[in-house]
Chemist: 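I'd like to ask some things about the structure below.
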Amino acid sequence: MTDNKSRYTLRIDPDLLEKLGYIAEYEGRTKNKELERLVKLHIAKFEQEHGKIEL
């Protein structure tokens, strides 16, 4: 099965990754879904302050 999602390798401090995993599990998400949620929130905040990012 294929999807249209891009892949990205993230290099991160092991302690940060472990803490992210803790939060993700607490929220009922995977680490990947938690990161995706955080990125979306950050982009929304940026666009609110600076205008929509046109691709």
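In what follows, residues are counted from 1 in the order of the sequence shown.
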Chemist: For the residue pair Leu35 and Thr30, establish whether any side-chain heavy-atom pair is separated by less than 4.5 Å.
Modeler: no
Chemist: Hey, is CD on Glu49 packed in by over 12 heavy atoms from elsewhere, all under 6.0 Å?
Modeler: yes
Chemist: For the CG atom of Leu38 and the NZ atom of Lys33, what is their distance to the nearest 0.5 Å?
Modeler: 13.0 Å
Chemist: Under 4.5 Å between side-chain heavy atoms, counting indirect links through other Ile/Leu/Val/Met/Phe/Trp/Tyr residues: same cluster for Leu20 and Leu10 or not?
Modeler: yes
Chemist: Any chance CD of Glu36 has more than 12 other-residue heavy atoms, nucleotides or ligands included, within less than 6.0 Å?
Modeler: yes
Chemist: Hey, could you give me the CD1/CZ distance between Ile23 and Arg37, rounded to the nearest 0.5 Å?
Modeler: 9.0 Å
Chemist: Should we count NE2 of His50 as having more than 12 external heavy atoms under 6.0 Å?
Modeler: yes
Chemist: With no hydrogens and no angle check, is any side-chain donor or acceptor of Arg11 less than 3.5 Å from a backbone partner on Thr9?
Modeler: no
Chemist: With a 4.5 Å cut-off on side-chain heavy atoms, are Lys45 and Leu41 touching?
Modeler: no
Chemist: Given the rule that I, L, V, M, F, W and Y join up when any side-chain heavy atoms are under 4.5 Å apart, are Phe46 and Leu55 in one cluster?
Modeler: yes
Chemist: Roughly how far apart are Asp13 CG and Lys19 NZ, rounded to 0.5 Å?
Modeler: 9.0 Å
Chemist: Can you tell me if Glu47 uses its side chain to pair, donor with acceptor, with the backbone of Ile53 under 3.5 Å?
Modeler: yes
Chemist: Under the salt bridge (Lys or Arg N to Asp or Glu O under 4.0 Å) rule, collect the residues that match up with Glu25, sequence neighbours excluded.
Modeler: none
Chemist: Before accepting this row, confirm whether a basic side-chain N of the pair Lys31/Glu34 lies closer than 4.0 Å to the acidic partner's carboxylate O.
Modeler: no
